[in-house]
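Take a look at the structure below.
A note on names: the letters A, B, ... follow the listed sequences, proteins ahead of strands, and every chain is numbered from 1.
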Amino acid sequence: MACLSSSRLCARVQDKLLCQFGHKVRKQTVFVKLKPPGPSPLRIFGKTNQRATTCEPVCGSASAAAGAGMVRRLASSLQSTSTGSLPDYGTQIVDPYRLLEDDLNGIYEDIRSELERNTNQAELNTIATYYFDGQGKALRPMVAILMARAVNYHVYGENSALLPSQRQVAMISEMIHSASLIHDDVIDQSDFRRGKPSVNVLWNHKKVAMAGDFILAVASMMIARLRSDDVTLVLSQVVTDLVQGEFMQLGSKETENERFAHYLTKTYRKTASLIANSVKAVALLSGADESTCELAFQYGRNLGLAFQLVDDLLDFVSSAQAMGKPTAADLKLGLATAPVLFACEKMRRFAEPGDVEKAFELVHKSRGLEQTRFLARQHGAEAARRAADLADSPYQKGLLVTADLVLNRIK
Amino acid sequence: MRKLIRICSKNYRVSYAVQQNIRTFSSSRQAYQVGDLGVGQREELAWREVVSEAEQIVGYPTSFLNLRWLFNDEIANTAIHLRKLVGTNHPLLKSAKNLLIGSKSNLQSVGLIILLVSKAAGFKSLDYTRDQYESGVLHAQRALAEVVEMKRTGHVIHKTMVNLQEKQKQGDKYNDLLYGNKIVLLTGDYLLAQCLQHLGGLRNNEVTELISSGLRDLVEGDFFGEHDKDNNPLPTQPKGSNDVIGPYDWENEDNLQKLGSNDYLGQGKDEWMLRTMLTSGSILGKGCQAAMKLAKRGEQMERDAYILGGHFAILWQLYLDVKEFFTHPYSYSLVGAPVILALWEYPTIYGHILEAKLEKKPVEFKQLYYAVRSTRSMEYLSMLLDVEFATILKYSDKFPIEDARLALQKMAMTVHSEALEYIEK
């Protein structure tokens with residue numbers, strides 16, 4: 001991938017010019033997605049661009065890449081959810097999904113065939129592959145492959161390639177994620193996920209629980225087949241973290257002061273651990289030294305924390321339609337997330353009907369959202385700072401952009 | 001079936017002789033008076049003696065629910081959550097009780113069998129330092145036995161999930177049951193996650209792969225064949241003789257790949273064998289095989305251990321099926337060996353199940369019970385029991401260390417003779 005074609009990079013110069021122009025024209029909200037719906041396209045810019053040209057003839061003349069970039073900038077300046085861009089690292093904007101198009105292409109198909117290879121039972125196969133339909137953001141595999149390529153470049157220079165085992169880790173990370181989603185859905189009794197009915201609505205709950213175990217079992221077999229003791233340990237830690245995070249969510253006995261620490265630990269275990277340990281695993285597979293592996297881990301940890309903080313923020317400010325799942329869901333379940341915790345210096349337990357709505361309103365009135373945004377930004381910046389230490393490469397730029405994307409997503 | 005009978009009667013003589021041998025070996029220890037007790041109580045006493053003897057051979061009690069675990073944070077938490085469930089009738093409570101008290105019905109002794117096979121196989125003591133083993137079993141093998149038991153337990157716990165798809169049907173109980181489901185899911189997940197982590201700690205990826213494929217097989221077993229609306233397994237309609245394919249040969253398939261195929265459904269004994277391999281044979285066999293890997297006993301020994309473990313599970317399942325059929329004539333499993341073998345001999349019996357399925361009413365268990373008893377199902381069963389017992393003796397004889405081998409054979413003998421007692425009664 002040394003010979004990167006220029007079309008995969010959008011120049012920021014053009015972007016800025018058009019952005020000022022667009023500001024006056026556009027009033028309505030523009031949605032930027034990390035990944036749009038649709039079966040195959042793993043390129044955000046291409047798709048957002050489509051949107052821009054269809055709904056806004058004014059910039060029809062703009063070149064494709066620039067137009068898309070404009071929408072993106074616009075979104076970050078208009079959106080209430082925007083956390084603001086990170087400091088400019090003197091980079092050109094790289095769309096990581098496009099950069100990794102070849103690597104990510106077919107990753108869901110590969111996961112599906114891996115699962116199918118391991119069962120004769122049609123129904124088990126259907127439930128287990130239900131969330132691997134290509135509708136997800138594929139954030140975890142993307143970050144894992146991006147880090148793999150960046151570290152390979154860092155260690156071996158320009159002519160390095162992605163190892164098959166590293167791509168396997170990307171698949172495993174998405175599988176572990178899906179297995180936990182399936183179990184979460186049963187616990188939280190959610191109705192929708194990714195814009196379609198969630199598994200617990202469609203199938204017997206016993207079968208759903210089993211299907212989650214099945215995905216985990218197949219993922220564990222894949223981990224073992226990598227034949228690396230260190231990677232096995234690192235990835236098995238993820239599963240333990242996920243469960244412990246889930247246990248923490250079940251009940252908190254902490255005092256007011258400890259609640260925030262409790263929340264952050266829970267967030268690390270439930271979200272960040274998977275990202276952090278899978279990027280650490282690809283770094284280990286690459287044969288990088290200890291400090292590089294630690295760098296990868298810290299990048300993943302901070303990125304994961306930022307991701308979840310933004311997720312909790314979106315739970316308050318985004319619409320159900322844009323998210324593909326109901327909003328304020330955590331609040332309704334009585335789970336305290338960062339916006340609530342920041343806002344809740346003087347809140348009490350839910351007791352009466354209408355309390356959920358009241359709390360929702362209070363959070364909006366308080367500085368909770370703002371503080372959450374600030375915290376997310378800090379973690380995003382820390383992730384970017386770590387990635388900046390890697391050797392300069394398109395993939396390393398991609399890591400920086402990803403930190404930015406995570407902060408500015410609306411879905 | 002005719003052929004089976006011939007093979008059986010040949011093997012039976014062999015096995016009978018060995019049985020006599022073991023009887024003399026064990027009779028000296030039978031100090032208590034068992035004559036006045038019923039079959040159930042008597043077997044319980046005999047069983048406890050066999051187990052405690054075996055436990056002495058491998059060192060110490062083997063259930064993972066030991067003191068170390070009671071000091072564990074998550075388990076302590078689970079206990080608190082469990083207490084909240086008391087009075088809600090959630091099925092988890094029943095299986096928690098079974099797990100803690102430990103009954104034969106849950107194949108609680110998988111760990112023990114793996115340790116006995118480990119000890120029976122031995123290892124080259126030059127390859128290991130003194131602090132790596134205890135009572136002839138490697139610490140890694142003990143950890144493995146614990147992992148396998150945890151894996152099974154985690155899976156059994158997940159099986160107690162209540163289906164809450166139709167919220168309104170549950171009424172007031174809904175919230176309690178939902179809470180119970182959360183605990184079920186989390187506790188099971190916790191155990192499975194611990195398994196994976198402990199496997200990582202063994203630093204042997206072949207073992208990790210093998211044992212993980214065991215969990216895959218357990219899940220596959222839950223989806224195998226047809227199910228009623230409560231997700232209880234149902235037998236498949238017996239096949240016409242033209243469609244019958246060769247017998248299911250689990251001993252010679254690659255056990256890392258998915259086991260068997262759906263083509264064995266509706267094929268009497270083959271359907272039962274495959275289901276048994278999936279639901280218990282695979283994990284026990286793979287546990288034994290992995291123990292051989294840890295002690296570097298070589299490929300042949302690994303294979304023998306897998307086959308021995310598999311046959312152990314099959315014998316055990318035969319015993320459980322027979323016992324259930326005779327002690328619960330109104331609620332026995334419809335995929336148990338007595339029913340399946342009867343269906344294979346007289347496919348018309350399938351009418352009982354088909355009728356219930358078509359008219360959406362419960363199966364007439366008592367009628368089916370008498371229909372099964374009118375076939376030669378029991379005759380076949382006792383032959384099958386003899387064959388399995390003989391095979392276990394044959395394969396365990398390949399393992400050199402005597403005390404552990406004899407303990408294994410004695411366990412098999414106890415199970416075998418108790419199952420026969422139920423049939424003959």
- If you count heavy-atom pairs under 4.5 Å with chain A, which of B:Gly154, B:Gly225, B:Ser213 comes out on top?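 Option with the top pair count is B:Ser213.
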
- Note on the structure: Heaviest contributor of heavy-atom pairs below 4.5 Å to chain A, chosen from B:Lys151, B:Glu206, B:Gln257, is B:Glu206

Which heavy atom of [X] sits nearest to which heavy atom of [Y], and what is that distance?
X        : Y        : result
A:Met210 : B:His158 : CE-C, 3.8 Å
B:Ser212 : A:Ser220 : OG-CB, 3.2 Å
A:Gln189 : B:Leu164 : OE1-O, 4.2 Å
B:Gln165 : A:Val201 : NE2-O, 3.1 Å
A:Gln121 : B:Phe223 : OE1-O, 3.5 Å

What part of [X] gets closer than 4.5 Å to chain A, counting heavy atoms only: side chain, backbone, both or neither?
X        : value
B:Asp189 : both
B:Leu185 : side chain
B:Leu259 : backbone
B:Glu166 : neither
B:Asp217 : neither
B:Lys159 : both
B:Val207 : neither

Atom [atom1] of [X] and atom [atom2] of [Y]: how far apart are they, to the nearest 0.5 Å?
X        : Y        : atom1 : atom2 : result
A:Phe247 : B:Thr187 : CZ    : OG1   : 5.0 Å
B:Arg216 : A:Ile215 : CZ    : CD1   : 14.5 Å
A:Asp213 : B:Leu218 : CG    : CG    : 9.5 Å

- Query: Under 4.5 Å between any side-chain heavy atoms of B:Asn163 and A:His205, yes or no?
  - Reply: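 B:Asn163 vs A:His205: side chains touch.
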
- Report yes if the side chains of B:Met161 and A:Val186 come closer than 4.5 Å at any heavy-atom pair, otherwise no. yes

- Could you check which of A:Thr119, A:Thr232, A:Val238 has the highest count of heavy-atom pairs closer than 4.5 Å to chain B? A:Thr119

- Who among A:Asp188, A:Leu226, A:Asn204, A:Leu233 has the most heavy-atom pairs with chain B under 4.5 Å?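 Heavy-atom pairs under 4.5 Å are most numerous for A:Asn204.
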
Region of [X] in contact with chain B, defined by heavy-atom distances below 4.5 Å:
X        : value
A:Asn200 : backbone
A:Ile127 : side chain
A:Leu202 : backbone
A:Ser180 : neither

- Could you tell me whether B:Lys182 and A:Glu246 make a salt bridge, using a distance below 4.0 angstrom between a side-chain N and a carboxylate O?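 Salt bridge flag = no for A:Glu246 with B:Lys182.
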
- Taking it one step at a time, do B:Gln197 and A:Leu235 satisfy side-chain contact (heavy atoms from CB on, under 4.5 Å)? CA-CA 9 Å; B:Gln197 211 172 6; A:Leu235 291 177; over 6 Å; no

- Item | Passing option when B:Gln194 is tested against A:Val239, A:Val243, A:Thr240 for side-chain contact (heavy atoms from CB on, under 4.5 Å) | A:Thr240

- Item | B:Glu209 side chain to A:Met221 backbone, donor-acceptor under 3.5 Å | no

- Task: Look at the side chain of B:Asn262 and the backbone N and O of A:Asn120, then say whether any donor-acceptor pair between them is shorter than 3.5 Å.
- Result: yes

- Message: Is there a side-chain contact (heavy atoms from CB on, under 4.5 Å) between B:Asp222 and A:Leu124? Walk through the geometry before answering.
- Response: CA-CA 9 Å; B:Asp222 289 323; A:Leu124 174 57; over 6 Å; no

- Query: Which residue, B:Thr208, B:Asn204, B:Asn205, forms the side chain to side chain donor-acceptor pair (under 3.5 Å) with A:Asp229?
  - Reply: B:Asn205

